Structures are given as structure tokens and as C-alpha cells.
Peer 1: 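Mind looking over this structure? Questions follow.
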Amino acid sequence: MSEPTDARAHPETYRVARGEQGVLTVQPYKDELLPLWRFATPEKARASAAALTERFHAYLEAGDVVGADMARKYLQMGFTRSRRYANHPGGKKYDGPVPTDKRGQSGSHGRAELPRGPEDPVKAECARIFKAAWDAVEQVEAYTAARAEHRRRFG
């Protein structure tokens, strides 16, 4: 197995994509951002969203659009994971295991969605916290312009 590419040293290898693709694989950002990502309680979600937003702005100020995009993805993932736990006790959304050939891919893969439980108000609040932070970074003009330029140049 080959070493993962350092996306900071080689930003041309990074593809800006919708959603959270690459959030747990793109280095060195995974190692820098994953420890900041927490959503168990609203207090942890607030601290996490603030730390990730701070990192987003630091990356942007340094001209690191890949880092800024990865920080945005962690904010987005804070929202989506919190919503999943708000809707599904224990966070299990689909019935049965992920098929072996589909591991690492998003989606139901033919599995039925489990019934939603009563909404967990703690996780719903965590989702609101992350959604507000995610929406805010998506409005930063310097980021949207840099992201568009990265897409134009590298895909």
C-alpha cells in the first residue's frame, strides 16, 4: 500500500467535491482536524464548531484552500452526524451491515432505512450549532472564490 499524498504539498491532487468526501483520508488535514471534531453535547459541539471555524479562517488566511475546504467538510459532517443521531437512536440509519464491496462508500446499498425514533433534542441542538457554522463559512467570499479557482485549475 502506498503512502497517502500530502494534499498540502500537492494541492493539485485534491478535488473539491460536494459533501464530505475525503474527510477521513486527506492528509495532513485529517490529523489536524479530526481531533477538533466533537458532537456529543451542545457544549462540545460549540467548542468544536468554533475550533474548526478558527482553523478554516487560518487556512484561508494562509492561502490553503484545501485546508479551508476540509475544515468546511468537518463542519458539514458535524451537522450530518448530529442529525443522524438526532433521528436514529445510536446513529444506526440502515438495517444490516454494509456489503463488503461497498465499504467506505456512502449510501443505503439496498438496505432499508430503520424507523426514526423520537428526536433527540441534545443531538438536534448539536446539529443546529454545526449548521450555523457551516452556513457561515460557505458565505465567506474569499473561500468561495478560492474554491472556484481550485475547481477551475484542478477539478
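These figures come from a predicted structure and were not determined experimentally. Just the heavy atoms: all of them, side chains too, but no hydrogens, waters or symmetry mates, feed the values below.
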Peer 1: Give a yes or no on this: more than 12 heavy atoms of other residues, nucleotides or ligands lie within 6.0 Å of atom CD of Glu54.
Peer 2: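 Not more than 12 within 6.0 Å, no.
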
Peer 1: Are side-chain heavy atoms of Asp64 and Arg8 found at a separation under 4.5 Å?
Peer 2: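 Answer yes - side chains close enough.
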
Peer 1: Please list every donor-acceptor pair under 3.5 Å in which a side-chain atom of residues 82-91 meets a protein atom from a residue at least two apart or in another chain.
Peer 2:
from	atom 1	to	atom 2	distance (Å)
Ser82	OG	Gly78	O	2.7
Arg83	NH1	Glu119	OE2	3.3
Arg83	NH2	Asn87	OD1	2.7
Arg83	NH2	Glu119	OE2	2.8
Asn87	ND2	Arg83	O	3.3
His88	NE2	Glu113	OE2	3.4

Peer 1: Have Asp135 and Gln139 got a donor and an acceptor in their side chains that come within less than 3.5 Å?
Peer 2: no

Peer 1: Do you know which of Lys73, Lys131, Arg147 makes salt bridge (Lys or Arg N to Asp or Glu O under 4.0 Å) with Glu138?
Peer 2: Arg147

Peer 1: Less than 3.5 Å apart, any donor N or O on the side chain of Tyr29 or Asp69 sitting next to an acceptor on the other?
Peer 2: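 Distance-only check fails for Tyr29 and Asp69.
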
Peer 1: More than 12 foreign heavy atoms under 6.0 Å from CD of Gln21: is that the case here?
Peer 2: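 No, the 6.0 Å shell around CD holds no more than 12 heavy atoms from other groups.
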
Peer 1: Taking only residues two or more places apart in sequence or in another chain, which ones pass salt bridge (charged side-chain N to carboxylate O under 4.0 Å, His left out) with Arg152?
Peer 2: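 Glu149.
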
Peer 1: Enter the distance from Lys102:NZ to Ser108:OG here, rounded to the nearest 0.5 Å.
Peer 2: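 Here the interatomic distance stands at 10.5 Å.
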
Peer 1: Using ring-ring contact (aromatic ring centres under 6.0 Å, His included), reason through Tyr143 and Phe56 one step at a time and then give a plain yes or no.
Peer 2: CA-CA 9 Å; Tyr143 165 65; Phe56 167 88; 5.1 Å; yes

Peer 1: At what distance, to the nearest 0.5 angstrom, does CE of Met77 lie from CZ of Phe130?
Peer 2: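 Nearest 0.5 Å value for the CE-CZ distance: 9.0 Å.
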
Peer 1: Between Tyr59 and Glu32, does any side-chain donor sit less than 3.5 Å from a side-chain acceptor?
Peer 2: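 Yes, Glu32 and Tyr59 have a side-chain donor paired with an acceptor closer than 3.5 Å.
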
Peer 1: Can you check whether His150 reaches Val66 side chain to side chain, under 4.5 Å on heavy atoms?
Peer 2: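 In short, these two side chains touch, coming nearer than 4.5 Å.
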
Peer 1: Given side-chain contact (heavy atoms from CB on, under 4.5 Å), test Leu52 with Trp37 step by step and report yes or no.
Peer 2: CA-CA 7 Å; Leu52 290 166; Trp37 183 66; 4.2 Å; yes

Peer 1: Roughly how far, to the nearest 0.5 Å, is CD of Gln76 from CE of Met70?
Peer 2: 11.5 Å

